[in-house]
Amino acid sequence: MRRILLVLMLVTLSGGSFATETPAQFMERYVGYFNDEDIEGYQGAFEFPVISSMGGVLEVFSDPGVPMANFHNIKKTGWVTSRIDSIKVLSESSEAALVEFSFSRIDSMGSPFLQSTDHYGLVSTDDGWKIQSWFLLQPITVGND
């Protein structure tokens, strides 16, 4: 019985916890969800409501049941994968972080066809870091437009 309790306790402590993850590591995981077209993981990377500013257009997403991306439509732009160009944590506390994030979208020839540097507001939750806001200078499709 003790052995079973010990195993259950170890599984609980190790399974799915991102408590020690840094904001930069979270952003790497976030891009992994995007590249894997993992809508469940991608959607779980957000803390709702989410404030979005793309090209000066402000939008608030409050329904976690509405997907934040449509990968089928993103593929129509020529997207095959995204590449992280740089991640800079500009400010970090135990509750929030501001991240400057540069990335490129890559086409089937392996060439970047879109490059962007944006700012993400992260909040610390019981499940680890999550995105609560993003500020993109240029409009970038996430397939829902």
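- Inspection of the Asp118 and Ser116 side chains reveals an N or O donor paired with an N or O acceptor under 3.5 Å.
- Hydrophobic cluster membership differs between Phe135 and Phe34, with clusters built from Ile, Leu, Val, Met, Phe, Trp and Tyr side chains linked at under 4.5 angstrom.
- The minimum heavy-atom distance between Val31 and Ser82, with the atom names listed, is CG1-O, 4.2 Å.
- The shortest distance between side-chain heavy atoms of Ile51 and Leu58 falls below 4.5 Å.
- Applying the side chain to side chain contact (heavy atoms under 4.5 Å, CB included) rule to Ser104 yields the partners Arg83, Asp85, Ile106, Pro112, Gln115; only residues at least two apart in sequence or on another chain are considered.
- Between Val89 and Glu92 the shortest side-chain heavy-atom distance falls below 4.5 Å.
- Trp129 and Leu98 are assigned to two separate hydrophobic clusters, defined by single-linkage of ILVMFWY side chains at heavy-atom distances under 4.5 Å.
- For the pair Glu28/Ile87, a side-chain contact is recorded, criterion being any heavy-atom separation below 4.5 Å from C-beta on.
- For the atom pair NE2 (His119) and OG1 (Thr117), the distance works out to 8.0 Å, reported to the nearest 0.5 Å.
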Would you check, one step at a time, whether the test side-chain contact (heavy atoms from CB on, under 4.5 Å) holds for Phe103 with Ile84? CA-CA 4 Å; Phe103 70 96; Ile84 297 171; 5.5 Å; no

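- Side-chain contact between Glu59 and Met54 is absent, with no heavy-atom pair separated by less than 4.5 Å.
- Rounding to the nearest 0.5 Å gives a distance of 8.5 Å between CZ of Phe71 and CG of Asn35.
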Could you walk me through whether Asp36 and Tyr42 satisfy the side-chain contact (heavy atoms from CB on, under 4.5 Å) test, starting with their C-alpha distance in whole Å, then the side-chain angles of each, then the deciding distance to 0.1 Å, before giving a yes or no? CA-CA 9 Å; Asp36 291 342; Tyr42 183 77; over 6 Å; no

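- Between the Asp107 side chain and the Ser111 main chain, a donor and an acceptor come within less than 3.5 Å of each other.
- In this structure, Tyr33 is a member of the same hydrophobic cluster as Met68, with clusters built from ILVMFWY side-chain heavy atoms closer than 4.5 Å.
- When all heavy atoms are compared, the tightest approach of Ile131 to Leu122 is CG1-CD2, 3.6 Å.
- Here Phe61 and Trp134 keep their ring centres 6.0 angstrom or further from each other.
- Here Gln138 contributes atom CD and Leu114 contributes atom CG; the two are 5.0 Å apart, rounded to the nearest 0.5 Å.
- Residues Pro23 and Val99 share a closest heavy-atom pair of CB-CG2, 4.1 Å.
- Ile74 and Val80 are assigned to two separate hydrophobic clusters, defined by single-linkage of ILVMFWY side chains at heavy-atom distances under 4.5 Å.
- Under a 3.5 Å cut-off, the side chain of Asn70 and the backbone N or O of His72 do form a donor-acceptor pair.
- Considering CZ of Phe113 and CH2 of Trp79, their distance stands at 9.0 Å, rounded to 0.5 Å.
- Summarising the geometry, atom NZ belonging to Lys130 is positioned 5.5 Å from atom CD belonging to Glu47; distances are rounded to the nearest 0.5 Å.
- The closest donor-acceptor contact from the side chain of Gln43 to the backbone of Glu40 lies at 3.5 Å or more, if one exists at all.
- Interatomic distance, Glu21 CD to Asp127 CG, rounded to the nearest 0.5 Å: 11.5 Å.
- Counting heavy atoms from C-beta on, the side chains of Phe26 and Tyr120 never come closer than 4.5 Å.
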